[in-house]
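Below, each value reflects all heavy atoms present in this structure, side chains not excepted, and no hydrogens, waters or symmetry copies. In what follows, every chain begins at residue 1, and chains take the letters A, B, ... in the order their sequences are listed.
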2 protein chains.
Amino acid sequence: MTDTIETTTEFRPKFDEKGLLTAVCLDAGTRDVLMVAFMNVDALAKTRETGFAYFWSRSRQSLWKKGETSGHVLTVKDILVDCDQDCLVLVCDPAGPACHTNAPTCFYRRLTDDGLEMIG
Amino acid sequence: MTDTIETTTEFRPKFDEKGLLTAVCLDAGTRDVLMVAFMNVDALAKTRETGFAYFWSRSRQSLWKKGETSGHVLTVKDILVDCDQDCLVLVCDPAGPACHTNAPTCFYRRLTDDGLEMIG
């Protein structure tokens with residue numbers, strides 16, 4: 001039986017036409033989604049090498065270490081890979097608020113029939 | 001003070017150049033990431049209207065209801081919106097395995113130094 005991208009235990013990341021994977025950061029403790037960002041081949045390599053989350057900034061077109069300025073780095077405990085290998089979940093321990101707004105996570109608002117509601 | 005996309009309680013979804021938002025589906029019970037997919041304006045409207053997750057298939061270029069064939073629909077309990085309003089978290093109750101491979105979640109493999117390892 002031939003293995004497929006779904007069944008293989010070989011890592012064959014499927015970068016999109018811009019050379020990116022989607023990366024969902026999940027808080028290992030609270031199990032909240034902290035943020036969603038993008039990784040190119042260098043961001044993935046630096047993350048695996050250092051144990052800290054690195055991403056590719058689409059707006060600045062540059063590699064960045066999450067928390068490089070703020071100190072709110074993400075220590076990556078586990079990297080999960082999805083069925084078609086184009087998306088990762090980084091299970092993380094955050095050193096501080098994950099959002100640039102200083103909220104614990106980027107997802108601090110809930111959609112209601114009347115618009116957005118702040119959470120917590 | 002002017003409100004910004006980060007501080008506003010107005011929903012101003014920021015669709016990308018293809019008209020899509022990234023949607024992360026989180027299991028309300030286990031708090032596992034079930035799957036990541038994309039929503040256009042119609043998928044978002046149908047999801048809000050019906051309470052079931054709808055997405056936009058980039059490969060088939062069509063609207064799809066998750067679980068339409070398999071019965072493994074996702075009942076959406078909450079929709080969270082991120083700071084820059086280009087990404088959603090759907091907090092869901094899944095009616096069955098979320099992955100088309102029949103795994104409970106699409107993220108059934110862990111990245112190790114030697115490749116991928118099946119979880120659980």
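- Hydrophobic clustering, with ILVMFWY side chains joined whenever heavy atoms are under 4.5 angstrom apart, groups A:F15 together with B:L111.
- Both B:M35 and B:L21 belong to a common hydrophobic cluster when Ile, Leu, Val, Met, Phe, Trp and Tyr are linked at side-chain heavy-atom distances under 4.5 angstrom.
- Under the 4.5 Å side-chain heavy-atom criterion for grouping Ile, Leu, Val, Met, Phe, Trp and Tyr, A:V41 is connected to A:F11 within one hydrophobic cluster.
- Contacts of A:C99 with chain B are made by side-chain atoms alone, with heavy-atom separations under 4.5 Å and no backbone atom involved.
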Below 3.5 Å only, please: all the donor-acceptor pairs between chain B and chain A, one per line.
from: B:I5; atom 1: O; to: A:R109; atom 2: NH1; distance (Å): 2.9
from: B:I5; atom 1: O; to: A:R109; atom 2: NH2; distance (Å): 3.1
from: B:E6; atom 1: O; to: A:Y108; atom 2: OH; distance (Å): 2.7
from: B:E6; atom 1: O; to: A:R109; atom 2: NH1; distance (Å): 3.1
from: B:E6; atom 1: OE2; to: A:H100; atom 2: NE2; distance (Å): 2.9
from: B:T8; atom 1: O; to: A:R109; atom 2: NH1; distance (Å): 2.8
from: B:T9; atom 1: O; to: A:L116; atom 2: N; distance (Å): 2.7
from: B:E17; atom 1: OE2; to: A:K18; atom 2: NZ; distance (Å): 2.6
from: B:K18; atom 1: NZ; to: A:E17; atom 2: OE2; distance (Å): 2.6
from: B:R31; atom 1: O; to: A:R31; atom 2: NE; distance (Å): 3.4
from: B:R31; atom 1: O; to: A:R31; atom 2: NH2; distance (Å): 3.3
from: B:R31; atom 1: NE; to: A:R31; atom 2: O; distance (Å): 3.4
from: B:R31; atom 1: NH2; to: A:R31; atom 2: O; distance (Å): 3.3
from: B:R31; atom 1: NH2; to: A:D32; atom 2: OD1; distance (Å): 2.3
from: B:D32; atom 1: OD1; to: A:R31; atom 2: NH2; distance (Å): 2.4
from: B:R48; atom 1: NH2; to: A:T112; atom 2: O; distance (Å): 3.0
from: B:D78; atom 1: OD1; to: A:R110; atom 2: NE; distance (Å): 3.1
from: B:D78; atom 1: OD2; to: A:R110; atom 2: NE; distance (Å): 3.3
from: B:I79; atom 1: O; to: A:L111; atom 2: N; distance (Å): 2.8
from: B:V81; atom 1: N; to: A:R109; atom 2: O; distance (Å): 2.9
from: B:D82; atom 1: O; to: A:R109; atom 2: NH2; distance (Å): 3.0
from: B:C83; atom 1: N; to: A:C106; atom 2: O; distance (Å): 3.0
from: B:C83; atom 1: O; to: A:R109; atom 2: NH2; distance (Å): 3.0
from: B:H100; atom 1: NE2; to: A:E6; atom 2: OE2; distance (Å): 2.9
from: B:C106; atom 1: O; to: A:C83; atom 2: N; distance (Å): 3.0
from: B:Y108; atom 1: OH; to: A:E6; atom 2: O; distance (Å): 2.7
from: B:R109; atom 1: O; to: A:V81; atom 2: N; distance (Å): 2.9
from: B:R109; atom 1: NH1; to: A:I5; atom 2: O; distance (Å): 2.9
from: B:R109; atom 1: NH1; to: A:E6; atom 2: O; distance (Å): 3.1
from: B:R109; atom 1: NH1; to: A:T8; atom 2: O; distance (Å): 2.8
from: B:R109; atom 1: NH2; to: A:I5; atom 2: O; distance (Å): 3.1
from: B:R109; atom 1: NH2; to: A:D82; atom 2: O; distance (Å): 3.0
from: B:R109; atom 1: NH2; to: A:C83; atom 2: O; distance (Å): 3.0
from: B:R110; atom 1: NE; to: A:D78; atom 2: OD1; distance (Å): 3.1
from: B:R110; atom 1: NE; to: A:D78; atom 2: OD2; distance (Å): 3.3
from: B:L111; atom 1: N; to: A:I79; atom 2: O; distance (Å): 2.8
from: B:T112; atom 1: O; to: A:R48; atom 2: NH2; distance (Å): 3.0
from: B:L116; atom 1: N; to: A:T9; atom 2: O; distance (Å): 2.7

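- Taking a 4.5 Å side-chain heavy-atom cut-off between Ile, Leu, Val, Met, Phe, Trp and Tyr, the cluster of A:L26 extends to A:V24, A:V33, A:V36, A:L80, A:V89, A:V91, A:F107, A:I119, B:V24, B:L26, B:V33, B:V36, B:L80, B:V89, B:V91, B:F107, B:I119.
- Residue pairs meeting the ring-ring contact (aromatic ring centres under 6.0 Å, His included) criterion with at least one partner in residues 26-47 of chain B, sequence neighbours excluded, do not occur; the list is empty.
- Ranking A:G115, A:C87, A:C106, A:A103 against chain B, the residue ahead of the rest is A:C106, based on heavy-atom pairs under 4.5 Å.
- Proximity to chain A (any heavy atom under 4.5 Å) is restricted, for B:M118, to the side chain, taken from C-beta onward.
- Cluster membership for B:M39 and A:L116, using ILVMFWY side-chain heavy atoms within less than 4.5 angstrom, is shared.
- By the criterion of side-chain heavy atoms lying less than 4.5 angstrom apart, applied directly or through intervening Ile, Leu, Val, Met, Phe, Trp or Tyr residues, B:L88 is not grouped with A:L34; the two fall into different hydrophobic clusters.
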